[in-house]
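When reading the values below, keep in mind they use all heavy atoms of this one structure, side chains included, and skip hydrogens, waters and symmetry mates.
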Amino acid sequence: MEYLELKDFLDVKVREYNQPGFISNDPVCIPHRFSKKQDIEIAAFFAAILAWGQRKTIINKCTELMQRMDNDPYHFMTGHNDQDLKRLLDFKHRTFNDTDLLYFVSFFKQHYDSHESLESAFLSPAQIFRPEYTADTDLSGFSGTDVSSAACYGGELAAQKPVVEMGLNHFRSYFFSLPDFPRRTIKHISSPAQKSTCKRLNMFLRWMIRNDENGVDFGLWSQIKPADLICPCDVHVDRVARRLGLISRKQTDWQTAIELTRELRKFDPMDPVKYDFALFGMGVEEKF
């Protein structure tokens, strides 16, 4: 297809799949059961991390997990005791087990004890602070929300947009910053540094950041802009994108996700990842 023809075709598919009817059969339905910001963040994070396999199974396992937390995930993370943690034992989805889950709980407990939102976990100090302030400064306690001091870029953030690649690499390092983290859990949090497409985390970021009032994505976060997002590149998206000539790279890795997003930005530079709805929908629902 020619450029304008392909753009029109994909725009139609975005409108078809980016609507409330998409929610019930997709893992995004899990965070949509909540209204508190932190509950949505936690539920969405688990729904994204556990998103491999059949969507029905993913939804069932995430439902089970939320029930083990009394459908109050933020309160569970911040207020649990040892007895509460026993309810998580024997949870399993594919290669994700209770050892992984207990570390995730420890991370969320540590993070929310000092941060209002999970957004700050995806903002590296290099994205916020001027270089001259970071060389000899311990920024481990940086919340990501106070950008008003002279050390911060503050109002310049709009012009110097945070880079998702930096944020994902920072997040993985931050996530495993607790002492004695289980080595087996490392495989569940990917990053561009490992050349991964980071499909699950990019999907999570799409949910948290995009806000087009169509009811699927939440738009809870504002420091990373929709224009900066990278398209989640799973097997369905990859297959459809290749058939449409949007990917030429032989392997499927982080650079493939970058290539795809670069092509999608030609259609909409401010919101390229909206086309994830089109590519995924055609791949799953239409077997394109």
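Taking 4.5 Å as the limit, every side-chain heavy atom of Met270 sits out of range of all side-chain heavy atoms of Pro226.
Residues Phe122 and Tyr174 keep their aromatic ring centres 6.0 Å or farther apart. Ring-centre distance between His188 and Phe96: below the 6.0 Å cut-off. Aromatic ring centres of Phe46 and Phe104 lie closer together than 6.0 Å. If you look at Phe108 and Tyr74, their ring centroids are not closer than 6.0 Å. Two rings, from Tyr103 and Phe175, have their centers less than 6.0 Å apart.
Contact check on Asp212 versus Arg210 returns a salt bridge, with a Lys/Arg side-chain nitrogen under 4.0 Å from an Asp/Glu carboxylate oxygen. A salt bridge between Glu64 and Lys61 is present, with a side-chain N of the basic residue lying under 4.0 Å from a carboxylate O of the acidic one. Using a cut-off of 4.0 Å between Lys/Arg side-chain N and Asp/Glu carboxylate O, Asp82 and Lys86 are scored as not salt-bridged. Asp11 has no carboxylate O lying under 4.0 Å from a charged side-chain N of Arg15, or vice versa, which leaves the two without a salt bridge. Looking at Asp268 and Lys7, no side-chain N of the basic residue comes within less than 4.0 Å of a carboxylate O on the acidic one, giving no salt bridge. Salt-bridge formation is detected for the pair Glu285/Arg55: a Lys NZ or Arg NE/NH1/NH2 atom is positioned less than 4.0 Å from an Asp or Glu carboxylate oxygen.
There is a side-chain donor-acceptor pair under 3.5 Å between Glu41 and Ser117. With 3.5 Å as the limit, one finds no donor-acceptor pair spanning the side chains of Thr95 and Arg184. Side-chain atoms of Thr252 and Arg242 include a donor-acceptor pair closer than 3.5 Å.
For the atom pair Leu50 CG and Phe45 CZ, the distance stands at 9.5 Å (nearest 0.5 Å). Between atom CG of residue Asp217 and atom CZ of residue Phe22 there is a gap of 9.0 Å, rounded to the nearest 0.5 Å. The OG atom of Ser248 sits 7.5 Å away from the CD atom of Glu263 when rounded to the nearest 0.5 Å. In this structure, the separation between CG on Asp253 and OG1 on Thr256 is 4.0 Å, given to the nearest 0.5 Å. Rounding to the nearest 0.5 Å gives a distance of 4.5 Å between CE of Met69 and CE of Met66. Rounding to the nearest 0.5 Å gives a distance of 12.0 Å between CG of Leu201 and CE of Met208.
Legend: ring pair (Phe, Tyr, Trp, His ring centres under 6.0 Å) pairs involving residues 231-253, not counting sequence neighbours, sorted by first then second residue: His236-Phe280.
In this structure, Lys92 contributes its side chain and Arg94 its backbone to a donor-acceptor pair below 3.5 Å.
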